[in-house]
Amino acid sequence: MKKEKNEGKIKSVLNLSEQLISYLAMIFLVVMIIIVSTTVFTRYTINFTFRWTDEVALLMMIWFGFLGMALGVKQSVHLSIEFFMSLFPEKYQGYIYKIENILVGVFGWYLVKYGWQLFSRSITTVLPATQWSRGLLFIALPISGAFILIYSIFQFFGILENKSSIVDQSALEEDNEILEEGN
Amino acid sequence: EMTLRLADNQPEGYPTVVGAKEFARLVEERTDGRIEVEVYPGGILGDESSTIEQVQFGAIDFVRTSITPMANFEPAMNVLSLPYLYPSEEYMFQVLFSEVGEGVLDGLRDAGIVGLTWYDSGARSFYTADTKVTSPEDLEGLRIRVQESQLMMDMVEALGASPTPIAWGEVYSALQTGVVDAGENNYPGWYYNSHHEVAPNFVEDAHNRIPELIIMSEITWNKLDEEDQEIIKQAAVDSTEVQREAWDKRTEEAKELAVEEGATITTLNAEQKQAFQDKVKGLYPKYSEGYEDLLDSILNFEMEE
Amino acid sequence: MDPAVILLLGSFLLMLFIRIPIAFSLGLSTMLTALYLDLSPMVVVQQMVSGINSFSLMAIPFFIIAGEIMGQGGISDRLIRFSNVIIGWMRGGLAMVNILASMFFGGISGSSVADVSSIGSIMIPMMEQKGYDKDYSINVTITSSVQGIIIPPSHNMIIYSLAAGGGISVAKLFLGGIVPGVLLGIALMILSYAIAVKRDYPREEKVSFKEALKITRDSLFGLFTAVIIIGGVTTGVFTATESAAVAAVYAFIITFFVYRDIPISKFVDILRNSLSTLAMVIAIIATSSAFAWMMSYLQVPGMITETLLNLSENPIIIMLIVNLILLFLGTIMDMAPLILIATPILLPVVRSIGMDPITFGVVMMLNLGVGLLTPPVGSTLFVGCSIGNAPIEKIAKSLMPFYAVLVIMVLLLSFVPGLTLWLPNFLMG
Ligand code: NA
Ligand code: NA
């Protein structure tokens, strides 16, 4: 009873983190579009280009990319080649997903550890246009890595579902049908 | 028994790569093959700032780079690339290989980088799509493509034009479609990227000479004994001669071929050059702040015959 | 062979095999190899950042969002109705529209991935809605996007000219790509038409002239998106990336302030949808960049090339081998690094058997373009599959006839130099 209640709490915290990340990512996306299109606008209306625009937009692109990577783990949207494993008997499928959780977790850990190192050593150098710290390029790595690690740990223990393990089979069958009809 | 790796963002056959290969040859010869240097041209290990970072954390051992990105680590580098700073190429190299240049290289140590030697990359000048330029007034209002460098942007602005940073790979299209009206580079940069096809008017104002350099990872440097350190430093310095020859040859070739293919080259007399210089002198205080002594020692350098 | 190379490729393939997501397989095998080589582990994460740190790449999220807005907000619907008026009487009419769109639009973006993200996000759902099979819609979209690489302007051609050490005219290269690009489009149209007839895709009913006028008028705002992108880039108003941002803003305004089919609150859903597509695309771009760095570091491309070139001295066989090398390398690496690596190695070889560098440039682009459509590393294929929401191996299998057309084009261009040289020689002497 108590265990389930705790799991429920953890799950809602993790879902909240997913919400936060995705809103943050959306904001970056919108700001990128605004920055780049405004650059075009000011270039022609007042014959003026801000120096920092490309750099800031790119920075957001990087943050956005790595946040998206973590989000992809939570939502299990990352692309994989299903074919070979779908030939395996059903009963082994669960183990394969556990291995996936472990490996993706290792990837997250690597991002945390070495992303942080990279961040700390580049913190004193500056980006050319904004003169902001070059560390900003890398700050998203440990953050995204930490979420990837956390999500895969909870997926491993079954507290979060690995969604790809649920939708897979039906999606595959559906695709098979479509293809067979097509041929 | 030891393989070191050198990255260069220019393709095989480019003068800097020729120099780097000479460096590799000298190191191998003088260590009797104990140390081998592999050259990775064409930017296959990353762009300049990325490979410099790799040198800092020791993933690769050397990079041939322009000094522009180095200014992010050592602001004194900015002073070396001030516009119209050196009266001639020979003057510049004497400064760089004197205590003045060595002092700047030492400043890189804090960033985990050992500066080894200086390479030539000629003088940069403007080239335009339509306008013929002989005075700063002709540049007024033109959109000029520059690198992402504060100094270059300020310089173009001081000349009355509007600096437009555009990624190197997009410059050709930008010139062709008129996103920018002009670019600036040395002769080989202009010709071998086919920019002369879309911006055929080259005006040799030689606004700045931005030398290049070979840097080494301090992590690798500390792994070597003193004797090998000595050999590597000397081999790098000695390779500069071969690199400069290759550069001069390349420049002559680029000039000839560009003219043959219909581009025009305008040279300026002393008086016309002075007009350009006067416009940008205002940048000196800003970019030498804290490095006034360095600027003075360059301006008052006594050349040897 | 270097054990590190075996480790890199072996662990990558093994992980792919056990269904580890492609992005993580690429990243983890690179990390493992870095640890084995005792390389500074930071280089892997650094290269992941470098992979995304590109202004041109930003066009991808922008185009995907523009496409999503157009798809959900009614612009696409109107465009379908309009294209039906124009070409709906023909079987597979939407496939023709798709290919034509890539000829014009993909030519502008210069990137087949950007082409698939933009045209694909609009056309694939559109085609499915009209009763085309999923595999067919994706196949047509991704193969026709290869036109974008060879029809000018193409930033990859500029990279090629640079990698060749200069002396190859970019203008001539651009001109050299036009005829092959258009030919490829026609070949794909014929194939698409044949499949459409075989699968008995519906043709649309003819509409009255009055109805046609109304549909055309109604779709004008949507059509203007294309005018913005193509007109803007060719006249130098903006770069391809900027055009993508402007197109997104324009689609936003038209959807929410002119057509008003859906409420503005839907915009969050639109962003959320784009987010999951982008999450996987950008993850793969990041880790494949680290993977490519490791391949270069281990000098894999040079090794492969050397081995294969030692096989013969016959010019025709050498030409075939060169094509094979490019096709093969293209399947495991992305374009820009490959052009930089392969050009200095292969150009002297093909020059020695009398091939013109312009021809070789176009042939190389096409080869590498095919590589973008094949697993295990094929960004165009991946983006197409994620937009179309279909499994990669299924699509790759159904692509066979399309691969055949592309390979025939590669051979045709390699052995009939006139196709690439006639136009540049005619116009530039
Ligand atoms: Na193109
Ligand atoms: Na298409």
Side-chain angles (χ1 to χ4, degrees), chain A residues 22 25-26 29-30 32-37 39-40 43-44 54 57-58 61-62 64-69 71-73 75 77-85 96-97 99-100 103-104 106-107 110-111 113-115 117-118 121 137-138 140-141 145 164 171-172 175-176 178-179 181-183, chain C residues 15-25 27-28 31 41-42 44-46 48-49 52-55 57-58 61-62 65 133-136 199 237-238 241-242 244-246 248-249 268 271-272 274-276 278-280 282-286 375-376 382 385-386 390-394 397-398:
Chain A
S22 68
M26 285 188 234
L29 209 48
V30 171
M32 273 156 63
I33 295 181
I34 294 175
I35 290 179
V36 175
S37 45
T39 307
V40 178
R43 188 163 70 221
Y44 287 96
D54 286 9
L58 268 175
M61 170 90 175
I62 293 166
F64 164 81
F66 282 95
L67 289 181
M69 197 184 273
L71 212 55
V73 173
Q75 302 174 341
V77 295
H78 286 296
L79 220 51
S80 50
I81 295 188
E82 304 281 338
F83 177 71
F84 302 105
M85 283 302 108
I96 304 287
Y97 282 112
I99 296 176
E100 176 185 334
L103 287 176
V104 173
V106 169
F107 181 93
Y110 193 106
L111 279 197
K113 180 162 185 205
Y114 298 110
Q117 277 188 18
L118 196 55
R121 50 180 321 148
L137 283 180
F138 304 112
L141 291 164
S164 48
L172 262 180
D175 284 317
N176 276 331
I178 292 173
L179 283 171
E181 274 169 35
N183 295 329
Chain C
M15 279 188 272
L16 272 194
F17 187 80
I18 60 165
R19 199 170 42 203
I20 307 303
I22 297 169
F24 299 117
S25 304
L28 285 162
M31 289 168 179
M42 274 179 283
V44 182
V45 284
Q46 183 221 26
M48 286 170 57
V49 173
I52 314 181
N53 195 359
S54 140
F55 192 73
L57 205 76
M58 239 187 284
F62 296 171
I65 288 180
D133 292 315
K134 185 177 265 189
D135 66 323
Y136 179 80
R199 294 193 184 179
V237 178
F238 35 53
T241 304
E242 289 170 347
V246 174
V249 172
V268 178
L271 284 176
R272 210 188 294 277
S274 320
L275 212 56
S276 18
L278 284 170
M280 47 187 142
I282 295 184
I284 291 176
I285 291 171
F382 296 164
C385 290
S386 56
I392 294 162
E393 59 277 9
K394 293 277 142 87
K397 217 167 110 193
S398 68

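Quick caveat: nothing in here was measured; it's all calculated off a predicted structure. Residue numbering restarts at 1 for every chain, and letters A, B, ... go by the order of the sequence lines.
Note: Leu275(C) leads Val246(C), Ile65(C), Leu275(C) in heavy-atom pairs under 4.5 Å with chain A. When each of Leu29(A), Leu137(A), Leu111(A) is checked for heavy-atom pairs under 4.5 Å with chain C, Leu29(A) comes out on top. Interface check for chain A: of the options Val249(C), Ile284(C), Asn53(C), the most heavy-atom pairs under 4.5 Å are formed by Asn53(C).
In this structure Phe138(A) satisfies the ring-ring contact (aromatic ring centres under 6.0 Å, His included) test with no other residue, sequence neighbours excluded. Scanning for ring-ring contact (aromatic ring centres under 6.0 Å, His included) contacts around Phe107(A) gives Phe24(C), with sequence neighbours left out.
Using a 4.5 Å cut-off between heavy atoms, Leu118(A) contacts chain C through both its backbone and its side chain. Both the backbone and the side chain of Ile33(A) have a heavy atom closer than 4.5 Å to some heavy atom of chain C. Residue Ala140(A) does not touch chain C at all, counting heavy-atom pairs closer than 4.5 Å. Heavy atoms of Ile52(C) lying under 4.5 Å from chain A belong to its backbone as well as its side chain. If you measure heavy-atom distances from Pro41(C) to chain A, the contacts under 4.5 Å come from both the backbone and the side chain. Using a 4.5 Å cut-off between heavy atoms, Met48(C) touches chain A through backbone and side chain atoms alike.
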Evaluation steps, side-chain contact (heavy atoms from CB on, under 4.5 Å), between Met42(C) and Arg121(A): CA-CA 11 Å; Met42(C) 274 179 283; Arg121(A) 50 180 321 148; 3.6 Å; yes
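Closest approach of Ala57(A) and Met32(A) over heavy atoms only: O-CG, 3.6 Å.
Atom-to-atom distance recorded for Leu141(A):CG and Tyr110(A):OH is 11.5 Å, nearest 0.5 angstrom.
When atom types are taken as modelled, the side chain of Ser25(C) and the backbone of Ile20(C) share a donor-acceptor pair closer than 3.5 angstrom.
No side-chain heavy atom of Met31(C) sits under 4.5 Å from any side-chain heavy atom of Val106(A).
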